[in-house]
Amino acid sequence: MRLATWNVNSINARIETVIAWFRETQPDVACLQELKCVDEKFPFEAFEAFGYNVAVHGQKTYNGVALLSKQPLEDIRSGLPDGEGDDHARYIEAVVSGPRPIRVASIYLPNGNPIGTPKFDYKLAWMDRLQRHAAALLAYEEPLALMGDFNVIPEEMDADKPQSWADDALFQPQSRAAFRRLKNIGLTDAYMQIDGSPGGYTFWDYQAGAWQRNHGIRIDHALLSPQAADRLKGVAIHKDVRSWEKPSDHVPFVIELDL
DNA sequence: ATGGTAGACCTTCTA
C-alpha cells in the first residue's frame, strides 16, 4: 500500500501538476496540505475521475488539508481536539477501510514564524495538542500514519545550510524538542527507519535560487504507530517533481506499507 | 548586505 504526503501550495493553482503526478504514482492514499480553498472550491471531479474518495477540511486563502483514498474513508474527523478559538484548517484524519484498516492523518503544522510572536506560541501549543491526540490514537494499538508538513527540521542533517535556519521557527530548539516528544510517545519517523541518509530534503524555497543551489530542508514527515512501522517496506522522496513546470515548493514523500 | 518568489486577492498576508 502506497501512502503519500504533499504540500501542494494551492490545489487549484497546482491541479495539472498534481494530476500528472497522480497518474504517474497512483498512490492508494494521499494526504494534501495548503489547499488554500474552501471545501466547495476543491476540484473533487479531477480526483473522483481516478476513483478516489475525498475528504476535505478547507479554508479560504490559507491552510486547508485533504485525504484521498482508493478505498472508502470512514470515521472522518476534522480538526484537533481542544480547538475552541482555533479556526485554522490544519488537520483531518480518517480510517482507510480494507482487510487491514489504517488510520491516516493529513497534517499542516503551523509555520510559527516569526519567533517571539504569538505565531510561535501557537505553533508550540498546536504541537502539544497534536501530541495529546496522537497519544489517544496510539492507545487503539492499530496501524496509524500521521503524515504531513510538520514545519520542523528535526536535525542538522535535515538542512543543507543549518546555520541559515538558526533564527527560524522550523529549527528552534523548542520546535525540535516538541517534535522529539511527539515521536517519543511511540511513533517512528518512516524516513529515518528505512533510509536516514542526509540530504533527503522535501522543501526548497522559491526564493534566492534555493532549488538550484540545493538549499533544501526535510520538513514533510510520516510518523507511524508500531503496528504500521512493523509493516514499513520503503520510503521515497519524489525530488524530481521540484523541477517540473509550475512546481510546489514541497515535493511528495511516499511510504510503502505491507498492508 | 537582509537580497529573492509564489499564491490568494485587493493591499497586504503567509510562507
Side-chain angles (χ1 to χ4, degrees), chain A residues 5-21 31-44 46 56-66 79 85-91 106-127 130 147-154 158-172 174-176 178-179 201-221 237-253:
Chain A
T5 179
W6 192 7
N7 177 323
V8 295
N9 186 21
S10 172
I11 187 61
N12 286 308
R14 206 72 56 212
I15 188 62
E16 289 183 19
T17 309
V18 171
I19 289 299
W21 179 81
C31 305
L32 304 182
Q33 300 89 34
E34 269 209 274
L35 306 176
K36 294 189 172 179
C37 69
V38 293
D39 293 12
E40 306 78 64
K41 295 276 179 68
F42 187 90
F44 290 96
V56 178
H57 183 35
Q59 184 180 339
K60 185 180 163 74
T61 309
Y62 306 118
N63 310 314
V65 287
D86 182 3
D87 59 352
H88 293 203
R90 295 180 175 278
Y91 184 92
S106 180
I107 292 170
Y108 181 42
L109 206 145
N111 176 293
N113 278 305
I115 58 173
T117 70
K119 289 187 179 182
F120 189 60
D121 298 334
Y122 173 67
K123 180 192 188 104
L124 296 177
W126 204 94
M127 293 185 82
L130 175 61
M147 305 182 65
D149 175 3
F150 283 73
N151 267 316
V152 175
I153 304 165
D158 298 310
D160 184 63
K161 293 266 185 286
Q163 283 289 63
S164 68
W165 298 92
D167 297 322
D168 196 284
L170 279 60
F171 198 51
Q172 286 309 292
Q174 288 164 287
S175 309
R176 297 168 62 193
F179 187 72
Y201 309 136
T202 63
F203 168 92
W204 296 259
D205 202 295
Y206 290 121
Q207 301 184 71
W211 167 244
Q212 288 74 12
R213 298 164 196 229
N214 195 31
H215 290 174
I217 50 177
R218 186 173 74 94
I219 56 176
D220 298 272
H221 306 297
I237 297 169
H238 289 203
K239 182 174 181 175
D240 67 298
V241 176
R242 188 62 178 78
S243 66
W244 288 11
E245 289 263 324
K246 214 168 179 235
S248 170
D249 41 5
H250 297 249
V251 297
F253 174 54

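We name chains A, B, ... by the order of the sequence lines, and we start the count at 1 in each one.
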Handout entry: Closest to side chain of A:Arg90, choosing from B:dG7, B:dG4, B:dA15
Key = B:dA15
Practice task
Specify the separation, in whole Å, of atom CG of A:Asn9 and atom P of B:dA6.
Solution key: 10 Å
Fill in the blank from the handout: Here the distance between atom C1' of B:dA15 and atom CZ of A:Phe171, to the nearest Å, is 19 Å
Problem - Rounded distance in Å between the P positions of B:dT2 and B:dT12 - result: 23 Å
Handout entry: Residue mapping more 5' on DNA chain B - nearest nucleotide basis, A:Asp249 or A:Lys246
Key = A:Lys246
Handout entry: Donor-acceptor side-chain pairing of A:Tyr122 and A:Asp86 below 3.5 angstrom
Key = yes
Handout entry: Close side-chain approach of A:Leu170 and A:Phe203, heavy atoms under 4.5 Å
Key = no
Completion exercise
Whole-Å distance, A:Glu34 CD to B:dA15 C1', equals 6 Å
Practice task
Sequence neighbours left out, what passes side chain to side chain contact (heavy atoms under 4.5 Å, CB included) with A:Asp87? Give chain and number order.
Solution key: none
Problem - Atom pair distance, as rounded to whole Å: CD in A:Gln207 and P in B:dA15 - result: 13 Å
Handout entry: Interatomic distance at P, B:dG4 relative to B:dA8, whole Å
Key = 23 Å
Exercise for the section: Would you classify A:Tyr108 as touching base, sugar-phosphate or nothing, given that sugar-phosphate means primed atoms plus P, OP1 and OP2, and contacts are heavy atoms under 4.0 Å? Expected result: sugar-phosphate
Handout entry: Length of the CG-P vector between A:Asn12 and B:dA6, whole Å
Key = 19 Å
Problem - Whole-Å gap separating C1' (B:dT2) and CD (A:Gln163) - result: 16 Å
Exercise for the section: Return the 5'-most residue of the pair A:His250, A:Leu35 with respect to DNA chain B, ranking by each residue's nearest nucleotide. Expected result: A:Leu35
Exercise for the section: Mind jotting down which residue pairs meet the side-chain hydrogen bond (donor to acceptor under 3.5 Å, both in side chains) criterion with at least one end in residues 163-172 of chain A? Sequence neighbours excluded, please. Expected result: A:Asn113-A:Asp168
Handout entry: With A:Phe44 via ring-ring contact (aromatic ring centres under 6.0 Å, His included) - residues at least two apart
Key = A:Phe42
Exercise for the section: Send over the distance from A:Lys161 NZ to B:dG3 C1', rounded to a whole Å. Expected result: 16 Å
Problem - ring-ring contact (aromatic ring centres under 6.0 Å, His included) involving A:Phe253 - partner list, sequence neighbours excluded - result: none
Practice task
In whole angstrom, give the distance that lies between atom CH2 of A:Trp165 and atom C1' of B:dT2.
Solution key: 15 Å
Problem - Touch class at under 4.0 angstrom, heavy-atom based, for A:Arg14 against every strand present - result: sugar-phosphate
Problem - By ring-ring contact (aromatic ring centres under 6.0 Å, His included) - contacts of A:His57 (at least two apart) - result: none
Problem - DNA chain B contacts made by residues 110-122 of chain A, counting heavy atoms under 4.0 Å - result: A:Asn111, A:Lys119
